[in-house]
2 protein chains.
Amino acid sequence: MDSFNLKAKQKRTAGQKHGDLRIVLLREGLSLLDSQGVEGVTIRAVARNAGVAHSAPANHFPSKRVMLTAIAAKIFAELADLTIEAVTDLADKPEQAIQAFAETCFQFAFDPPNRYQLLWQRQLIDQDDPALATEMDRVYSALLSLLRQDQVKHRVDIETDAIAIWSMIHGYISMRLDGNFVAAKDAVTNLPRHKAILLSLIDGIYYRDS
Amino acid sequence: MDSFNLKAKQKRTAGQKHGDLRIVLLREGLSLLDSQGVEGVTIRAVARNAGVAHSAPANHFPSKRVMLTAIAAKIFAELADLTIEAVTDLADKPEQAIQAFAETCFQFAFDPPNRYQLLWQRQLIDQDDPALATEMDRVYSALLSLLRQDQVKHRVDIETDAIAIWSMIHGYISMRLDGNFVAAKDAVTNLPRHKAILLSLIDGIYYRDS
DNA sequence: GTGTTAAAATGGACAGTGTCAGTTTAAGGA
DNA sequence: TCCTTAAACTGACACTGTCCATTTTAACAC
């Protein structure tokens, strides 16, 4: 009933009913993504769940594409935070760092299973969006700097190694999310398959020419 | 004007105006996929291009999903033919065979760029469709039998190696098609990057423990 | 030839979508 | 107190996939 409420009021610009509809819309969009998949995230459904008119989101997102891009940026930011944290303090153990990086991506992609897929749907989001690109670069840079820090003589370009690692991680996740692979253990190593597939690649990178 | 025409007529069932609208629809659908991407493939657009009413396709495909699945099966069949042909006569040269298999996938995915993507859109097609699954298995089996034929002692399960190879191929293609990677040459080997990324993996598979 | 029949093609309708236009509401500054 | 302006509203539009009743069409039995 005093300065606190006053401040809150002062932050609201003219015409606003919610404190900040944009934040509410992003939250409801993410909720719909988790519960119904990306096709459940319609402008009108988001507006319904937020309790506003079907055209209210247009004031905050000029198109559905922009709204989905904003949701994807949030998801990317979370992935970037997790991967960067996972490889911290593993700079001198590149093989472990690669495994930790990959493991983080796997867990992130499989746990709430609809989020990861949105990140790569070019028809739905604008991958040139600056906010999105920044977060995407943070993930890729984490992997790249991890390879730069170690002392191994790379037979191919460091960027090629990074692309190889990322391609395998992303490819395996994509196939799993599409339902083409199932979670399984490798028959020889008894490791979960997502760990086992990295073995050959890491061997190829770190033990070649030896 | 004789038995040949008669046979053609006898094949047509009652009510048909086109010789076989189903085939025409699949052709127009593929054409729209190539020219406008998967979002251009609407039932009504396919019907328009085929010169029939918007509801005519319903007689041949009970839903859009089924129609897209049929298109995807055609695409998969072509990929299967190409990959199987590519590894023929390379049974005793597994490394070359992997490269040939991968190269075929790359070319197929990049040349008309919209076809490959449809194959993995679970929201759009039914990957449990028998016709589709059969063609999908032909591709995977080509890779799997290629690994089974050679005499290398695998440190991991053969299926794990197959999944690793396929994950990398599929992951790289996906990222390229999404616009996240660009065609480039590896700075060290001077190979196209899509060839270079396979090097580490093949090294890891065929030269480990040596 | 003449009906009969059943598949195929038709036009119309429906709910849902993204987007746009015009209108109303409400907060903050003059 | 009035005015400005951003936000939210109602309503409409074209488009989509899907369903419906109807009509057309070609093969078959007689």
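The chains referred to below are lettered A, B, ... by the order of the sequence lines, with proteins before strands, and numbering in each begins at 1. Since the structure is predicted, the reported quantities are computational estimates derived from the model, not experimental observations.
- Residue pairs meeting the ring-ring contact (aromatic ring centres under 6.0 Å, His included) criterion with at least one member in residues 37-59 of chain B, sequence neighbours excluded, do not occur.
- Screening residues 66-86 of chain A for ring-ring contact (aromatic ring centres under 6.0 Å, His included) gives A:Phe76-A:Trp120 as the qualifying pairs, with residues at least two apart or on separate chains.
- Between the CZ atom of B:Arg22 and the P atom of C:dA7 there is a distance of 16 Å, given to the nearest Å.
- Judged by distance alone with a 3.5 Å cut-off, no donor-acceptor contact links the side chain of B:Asn59 to the base of C:dA7.
- Counting to the nearest Å, the P atom of C:dT17 and the CD atom of A:Gln36 are 10 Å from each other.
- Going from atom CE of A:Met67 over to atom C1' of C:dT19 covers 13 Å, rounded to whole Å.
- For A:Lys64, there are no side chain to side chain donor-acceptor pair (under 3.5 Å) partners two or more places apart in sequence or in a different chain.
- For residues 26-51 of chain A, the pairs satisfying side chain to side chain donor-acceptor pair (under 3.5 Å) are A:Asp34-A:Arg115, with sequence neighbours left out.
- Rounded to a whole Å, the CZ atom of A:Phe61 is 18 Å from the C1' atom of C:dC20.
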Under 4.0 Å protein heavy-atom contacts per nucleotide of nucleotides 10-19 of chain D, with B for base, S for backbone only and - for none: BBB---BBBB
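- Atom P of nucleotide C:dA8 and atom CD1 of B:Ile23 are separated by 13 Å, given to the nearest angstrom.
- Legend: residues meeting ring-ring contact (aromatic ring centres under 6.0 Å, His included) with B:Phe181, ordered by chain and number and at least two apart, are B:Tyr172.
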